[in-house]
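Written out below as structure tokens is the structure these notes cover.
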There are 2 protein chains.
Amino acid sequence: MREKLEKYYSFVFEKELIDEIVQVGVYKKLRENEILVDLGDKMKGIPLLLEGAIKIVREDKNGEEILLYFLERGDTCASSFASAISNGKCGIRAIAEKESEIIFLPKEKLDEWMLKYKSWRNFVIESYNIRLNEMMETIDSLAFMNMSERLYKYLTDKAQIMRETSLNTTHQNIAYDMHTSRVVISRLLKQLENEGKIKLHRNKIEILEF
Amino acid sequence: MREKLEKYYSFVFEKELIDEIVQVGVYKKLRENEILVDLGDKMKGIPLLLEGAIKIVREDKNGEEILLYFLERGDTCASSFASAISNGKCGIRAIAEKESEIIFLPKEKLDEWMLKYKSWRNFVIESYNIRLNEMMETIDSLAFMNMSERLYKYLTDKAQIMRETSLNTTHQNIAYDMHTSRVVISRLLKQLENEGKIKLHRNKIEILEF
DNA sequence: TAAATTAAGTGATGTAAATCACAAAATAAT
DNA sequence: ATTATTTTGTGATTTACATCACTTAATTTA
């Protein structure tokens with residue numbers, strides 16, 4: 001735990017803070033597709049992502065989903081922070097896209113560290129900023145892009161987060177993330193393949209052009 | 001200035017902080033449609049809204065707009081906070097929807113107050129939370145709602161922010177905010193009128209049902 | 001008061017995406 | 001090996017919204 005913490009966070013946190021995190025943080029390994037946070041959960045702390053990839057989705061009353069953004073190592077879930085501090089509910093669901101490792105930080109420390117460590121204050125503010133910007137990008141793609149552009153962005157974004165050039169997924173799962181239908185995704189994928197940007201296989205999409 | 005500050009912020013900030021704000025804050029009155037923050041601005045501080053209503057919009061490369069959310073008294077612009085702290089650029093435009101009053105807080109104080117005042121820390125975190133939630137609502141409406149529902153939400157939201165039961169605006173301006181065409185808005189408005197939810201006039205929309 | 005400008009109404013048509021219905025592969029289960 | 005299940009392909013149809021083209025009404029200005 002300490003090793004990975006130092007690897008990804010030593011440029012972010014001062015040494016004393018890393019020591020404290022090692023003391024109070026709870027290490028947890030997440031299986032692929034494991035739900036880390038669910039709709040309406042009250043957070044007792046926040047997760048620091050050490051390794052892996054987490055998908056953050058929003059769900060409406062009819063149970064329909066839309067992807068908000070992905071988290072990768074070095075990230076934390078700003079929504080959880082909010083929820084943890086204010087004892088409010090979390091409006092999102094967080095699911096491990098692949099096996100991941102996190103450190104869970106108890107909420108009691110969150111405000112205490114705001115006083116003690118400038119690096120922690122920066123990290124919290126910076127995390128909120130990144131998330132606000134991601135949300136704006138999501139709004140941009142919903143408001144300004146057509147399905148084909150959104151799909152291509154989805155594929156390249158996800159490939160980067162997963163650190164792979166091909167994605168192991170189905171057309172149906174992409175449709176769920178993008179809140180559209182499988183038929184639409186299948187047709188647009190075929191089109192992207194004809195344009196030479198991707199190559200389709202069963203349960204797998206190779207991305208040829210980034 | 002002190003009077004309104006105490007009226008809307010005395011339950012949020014401790015007395016000492018209000019005193020400091022009065023000392024270093026710069027009061028400013030905004031005319032209707034005045035631009036407070038523009039795309040790519042680097043913020044030298046953040047605005048506290050004392051009175052009025054501010055519209056926050058996002059713009060894409062083609063100059064097309066979409067409304068993100070409104071700010072009302074008691075609010076601050078989380079995007080500016082981010083930009084001010086990190087010296088980064090602001091990805092949004094903020095426009096006064098009506099005559100408004102703000103206090104501009106210099107960025108040097110922002111971090112200093114994080115140490116000194118718990119109420120300030122809470123306010124900053126709380127502001128980010130509110131904004132994250134607003135963005136999620138915006139994403140919800142783009143992803144899950146049809147134009148008619150979005151339009152009705154737009155009208156009722158805006159009426160509440162403006163503290164009026166009728167809005168002085170044109171179909172074209174609504175279309176700009178919602179990133180659609182005037183024709184579409186005109187037709188949907190007529191439909192809402194037939195359903196008895198609103199009443200249409202020239203340059204004015206009465207909202208009959210909230 | 002006439003002309004110009006701005007706001008709103010409306011028919012016709014185009015188009016991206018949604019939905020339906022079913023076929024054809026590929027893979028997994030028995 | 002046969003059956004069942006999952007994944008992908010594809011035509012046909014519908015729908016919401018976009019776009020075009022033009023009219024009518026209200027308001028401003030000259």
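Bear in mind the structure is a predicted one, so any value in this text is a computation, not a measurement. Numbers restart at 1 for each chain; the letters A, B, ... are given by sequence-line order, proteins then strands.
Under the 30°/60° scheme for interplanar angles, the aromatic rings of A:Phe13 and A:Trp120 are found to be tilted.
A donor-acceptor contact closer than 3.5 angstrom links the side chains of A:Lys107 and A:Asn87. A:Glu65 and A:His179 share no donor-acceptor pair across their side chains, judged by distance under 3.5 Å alone.
The 5' end of DNA chain C is approached more closely, in terms of each residue's nearest nucleotide, by A:Ser181 than by the other of A:Arg202 and A:Ser181. Where B:Leu200 and A:Arg187 each meet DNA chain C at their nearest nucleotide, the meeting point lying more 5' is that of B:Leu200.
Rounded to whole Å, atom P of C:dA18 lies 13 Å from atom CD of A:Gln172. Rounded to an integer number of Å, the gap from CD of A:Glu193 to P of D:dT8 is 12 Å. When rounded to the nearest whole Å, the span between NE2 of B:His171 and P of C:dT6 equals 17 Å. Taking atom CG of B:Leu188 as the reference point, atom C1' of C:dG9 lies 14 Å away to the nearest angstrom. Rounded to an integer number of Å, the gap from CZ of B:Arg182 to C1' of C:dG9 is 7 Å. The distance from atom NE2 of A:His201 to atom C1' of C:dA25 is 16 Å, rounded to the nearest whole Å. Rounded to whole angstrom, the span from the CG atom of B:Leu151 across to the P atom of D:dC17 amounts to 11 Å. Separating the CG atom of A:Asn146 from the P atom of C:dG14 is a distance of 20 Å, rounded to the nearest angstrom.
Considering only side-chain N and O atoms, B:Lys190 lies nowhere under 4.0 angstrom from the phosphate OP1 or OP2 of C:dA8. Residue A:His179 places none of its side-chain N or O atoms closer than 4.0 Å to OP1 or OP2 of C:dA18. Distances shown here put every side-chain N or O of A:Thr170 at or beyond 4.0 Å from the OP1 or OP2 atom of D:dT6.
Using a 4.0 Å heavy-atom distance criterion, A:Ser148 is classed as making no nucleic acid contact.
Note that the CG atom of B:Leu192 and the OG atom of B:Ser148 stand 4.5 Å from one another [nearest 0.5 Å].
Figure legend: cation-pi geometry between B:Lys158 and B:Phe70 absent, as NZ or CZ is not positioned both under 6.0 Å from the six-membered ring centre and within 45° of its axis.
Of the candidates D:dT8, C:dA17, C:dA8, C:dA8 carries the atom nearest the B:Ser186 side chain, counting heavy atoms from C-beta on. Here the nucleotide nearest the side chain of B:Met147, chosen from D:dA18, D:dT8, C:dA7, is D:dA18.
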